[in-house]
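One structure is given below, encoded as structure tokens.
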Amino acid sequence: MAHEDQYDFKTIERKWQEIWERENVYSVPNRCDKPNYYVLEMFPYPSGALHMGHIRNYAIGDVVARIKTMKGFNVLHPMGWDAFGLPAENAAIQRGIHPAVWTKNNIAKMRDQQKRLGTSYDWEREVTTCNPDYYKWTEWMFLLMYKRGLAYKKTAPVNWCPTCQTVLANEQVSEGVCWRCGKDVIKKDLEQWFFRTTAYADRLLDDLKLLQGWPERVRIMQEHWIGKSVGADVTFTLPGHKEGITVFTTRPDTLYGVSFMVLAPEHPLVAELIKGSEREQEVLDFVEKCRRESAIVRTAADTEKEGLPLGVYCINPLNGEQVPIWVANYVLMDYGTGAVMGVPAHDQRDFEFARKYNLPIRVVISPPEMELRSEDMTEAYAEPGVLVNSGPFNGLANEEAQAKISAYLQEKGWGQPTVTYRLRDWLVSRQRYWGAPIPIIYCPECGTVPVPEEDLPVLLPENVTFDPGVISPLAHVPEFVNTTCPKCGRPARRETDTMDTFICSSWYFFRYTDPRNDQEPFSKDAASAWMPVDQYIGGVEHAVMHLLYSRFFTKVLHDAGLVEAVEPFTNLLTQGMVIKDGTKMSKSKGNVVDPEEIFAKYGADTARLFILFAAPPDKDLEWSDRGVEGSWRFLNRVWRLVRGHMDVFAAVADTKTPLARAERDLRRKVHSTILKVSEDVEERFNFNTAIAAIMELVNEIYHYVDNVAPKKQNQAIIKEAIENLLLLLSPFAPHITDELWQQTGHQGSIHLENWPKWDEAALVAEELTIVVQVDGRVRDRLVVPADSSKEQVEELALTSPRVQPQLDGKQVAKVITVPGKLINIVTREQV
RNA sequence: GCGGAUGUGGCGGAACUGGCAGACGCGCUAGACUUAGGAUCUAGUGGAUAACAUCCUUGAGGGUUCGAGUCCCUCCGUCCGCACCA
């Protein structure tokens, strides 16, 4: 490859990265005379190297940050490391490297890659969650939760990932498998710490409507995850027992249609009710079988419903009827009360179950204008209707009956209106080493005692053996475990579980506002200066987990009076995946493109430009080596254009002589490009079309310099065009533009310049192209002076030689004119 | 099953409130410059056709309109999320 006319990206990119760093170009104060703007990309887990998804994420964020800076904002654009987590521990186990060392090395490598991408981060604000000066405050957050009654410990059947050797929160299990390793998750009874996210369920749901700057689908996913349903608890009495069986139902209007009761296999009443009966063993075997089934099988909708009668009855409080009690696999212990009333006529699952086991089906909601007979039904009737077979409530519309029956139940003490959520409390304990310690001490005398704030941080011991099991590696370190009780001073034991790393990432965006504060996690003033984040950018895979936890944290911090913000992220951009050959890049598919290769072959500017040009940020991006080549060619084209016209930069504009046509056209292109790019980047982050417009501008400048005789070329106009070109291109390709800016005699970095403004006067078109249609089909195009009147244009259109033949033998019915654009001549057959 | 997104040349993708479909880039074809070209430049490039005339063309089929990629209805495909939530 002949290199003599290609630009030397290696030298140029290194040069400018050094200058930016030396001159602190991207350092930002918390307050100054400019308005603040906070743009944030999700910080990475330091896995070892950046992949294309990272590069895309940071390229998008960097363009936003640079444009906002040029537009006069004081822009906070920080970066950091979500540095606690399992891979570090696994590396330690497999390769004998300490997690801290492994993590530190990875961070050094990835930070270097980010710098080579040319990102405009304020590195003075870098945070690393595994450093004690950060996790001290993560522990502090735990204590805050504890103080506010939002952290508690309980024994519960929890999700256990045998591969990762730790428990998982509900959000971290998808379709029965672990979010990290993809292996089956099983249920285990363990005593664990939880955060009371359910206490915020309503606010997390309601405030979704404040998030108009979020993609709708993310809001819907969160709404679904929270899963609010409004209904009633109803207690069926159990003869011979003090307590009855309470069920949750969204359909109290169907209570007269109950023909059986179903308990979840895990329901504590099951064992109690069958004790000593002849079916005891049979039922216990069934329960055991259900428990052994994996979560995937258990929750799949097409799993065959199975159940057994207990031979025991409860009483429907409304009509006093005896209702047989069953146990069945389709009832879940961890939703509602773990017991369900069976109304086969009006619930599809109950219907299937009743048909299978020949349980009675009684219609209590009648559809309008027809009679529903249970023996004819092929599926449950879940639509609205009128109550029948329902005693005093007969004849009521079912929506009305819901309220009436709920009220009646409450009045009689048989139940009350209830709201149930799908959202569970957040299980935050992890039986692993590489995480923030839970700052709790267990004292034989005083019980559970939080570590006093002044004793934070609880430091992770360095000498540990990694021997994963049900107990955290920390439990094997006596120096760590054995301590004294902060209350009574007697020997006590530390909690040895660490915190879910999602806790670290639930508040890091606050820490960036005040990263070196050693008195508090951040000052309220610093947080108020920046929060909420104006633009957050990251992958949609965090739609529920990270984004929901961060919202929860922000609300708790708000309630504690520590921050003003009630939501952390005003606008959210979920970038698309980087794919190749139609599928996501992954090592197993062997379709990975390493950013290092692209940096080495074409440089960061080319990589950035390609990634931003090939697709809009929220869509998937198909990687194309040819496309990268095209971006590389374009930058060289810009390079040659500028280098070929170095002499124009001394030119002084001649404001006296009117411009000729070619110059007016070029100026119009320059200013319409400024307008187009400004709109594209501002409104929808349409970087791909913005870059396309810049490419058109380059083509047009070439067209001018190639077609106007050198002596006649207007140097001031070329200068104006090239300067604006460089300014518009600078957020996308920061190195080459800074270099050319300097070479063309400008003082200071181009990245400190203002965003260009378009000149309205230059935009005014001199001529317009009017499309002429006959009956909606294009027949001619007329180029007319911009000030032509409607009549003049219509006359031209009707007499056009290309239009005339189309009007032969027809009458003009009407003429529709869209001013400045189009004329449509509508005809009818001659009578 | 429910919810969401999406479907446009050989490819990635444009087309704001209904108004020239295919911007820009890739690829391809021809030419120029060259010892050479995988550099660069110029021209062309949705399909049919001998045609600068004509017709067809935005997943399929209907509809509204002077005019539909865009609005409405009925389907189909692909991707994603949730999935026995009582």
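Below, read A as the first sequence line, B as the second, and so on, with proteins coming before strands; counting in each chain starts at 1.
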In terms of side-chain heavy atoms of [X], which of [options] is nearest?
X        : options             : result
A/Asn699 : B/A39, B/A86, B/C24 : B/C24
A/Arg349 : B/C20, B/C85, B/C16 : B/C85
A/Thr250 : B/G25, B/A86, B/C41 : B/A86
A/Glu696 : B/A23, B/A53, B/A86 : B/A23
A/Asn824 : B/A86, B/C66, B/A39 : B/C66
A/Arg640 : B/A86, B/G27, B/C41 : B/C41
A/Arg633 : B/G27, B/C66, B/G19 : B/G27
A/Leu822 : B/C20, B/C55, B/A53 : B/C20

Check every strand shown and say whether A/Gln773 touches a base, only sugar-phosphate, or nothing at a heavy-atom separation below 4.0 Å. base
Taking atom [atom1] in both [N] and [M], what distance in whole Å separates the two?
N     : M     : atom1 : answer
B/U6  : B/G25 : C1'   : 22 Å
B/G13 : B/U58 : C1'   : 13 Å
B/G44 : B/C56 : P     : 26 Å
B/G62 : B/A50 : P     : 30 Å
B/A5  : B/G9  : C1'   : 24 Å
B/C20 : B/C72 : C1'   : 25 Å
B/U70 : B/C16 : C1'   : 11 Å
B/U65 : B/G59 : P     : 23 Å

Roughly how far, to the nearest 0.5 Å, is the CD atom of A/Gln575 from the CD1 atom of A/Ile60? 5.0 Å
Between atom CD of A/Glu767 and atom CG of A/Leu782, what is the distance when rounded to the nearest 0.5 Å? 12.0 Å
Within the structure provided, determine whether A/Val173 and A/Trp179 are in side-chain contact (heavy-atom separation under 4.5 Å). no
[X] (side chain) donor-acceptor with [Y] (main chain) under 3.5 angstrom:
X        : Y        : result
A/Asp347 : A/Asp350 : yes
A/Asp620 : A/Ile579 : no
A/Gln713 : A/Val708 : yes

Are any of [X]'s side-chain N or O atoms less than 4.0 Å away from OP1 or OP2 of [N]?
X        : N     : result
A/Ser229 : B/A86 : yes
A/Gln806 : B/U54 : yes
A/Arg779 : B/U54 : yes
A/Arg626 : B/G25 : no
A/Arg422 : B/A83 : yes
A/Arg637 : B/C41 : yes

I need the [atom1]-[atom2] distance between [X] and [N], as an integer number of Å.
X        : N     : atom1 : atom2 : result
A/Asp625 : B/G38 : CG    : C1'   : 14 Å
A/Asn170 : B/C82 : CG    : P     : 12 Å
A/Met221 : B/A83 : CE    : C1'   : 13 Å
A/Met333 : B/C85 : CE    : P     : 17 Å
A/Tyr7   : B/A39 : OH    : P     : 17 Å
A/Arg777 : B/G67 : CZ    : C1'   : 12 Å
A/Ile694 : B/A23 : CD1   : P     : 19 Å
A/Tyr330 : B/A86 : OH    : P     : 13 Å

Taking NZ, NE, NH1 and NH2 as the nitrogens, is one of them in A/Lys669 or A/Asp665 under 4.0 Å from a carboxylate oxygen of the other? no
A/Val826 or A/Tyr702, whichever maps to the more 5' nucleotide of RNA chain B: A/Tyr702
Want to settle it: does A/Arg251 or A/Ile691 sit nearer the 5' end of RNA chain B, counting the closest nucleotide to each? A/Ile691
Does A/Lys305 make a cation-pi contact with A/Tyr330 (under 6.0 Å, within 45 degrees of the axis)? yes
Residues at least two apart in sequence or cross-chain that pass side chain to side chain donor-acceptor pair (under 3.5 Å) with A/Arg56, listed by chain then number, are none
For A/Lys10, look at atom NZ and say whether over 12 heavy atoms of other residues, nucleotides or ligands are found less than 6.0 Å away. no
Dot-bracket for RNA chain B, please. Rules: Watson-Crick or G-U, both distances under 3.5 Å, ( ) within the strand, [ ] when a pair crosses earlier ones, | for another strand, . otherwise. (((((((..(((......[....)))((((((.......))))))(((.....)))..(((((..]....))))))))))))....
Do A/Trp326 and A/Phe286 have their ring centres less than 6.0 Å from each other? no
A/Trp414 and A/Phe236 aromatic centres sub-6.0 Å: no
Syn or anti for B/G4? Use the chi torsion, O4'-C1'-N9-C4 for purines and O4'-C1'-N1-C2 for pyrimidines, with syn inside 90° of 0. anti
Take nucleotides 3-14 of chain B nucleotide by nucleotide from the 5' end and write B, S or -, depending on whether a protein heavy atom sits under 4.0 Å from the base, only from the sugar-phosphate, or from neither. SS-------BSS
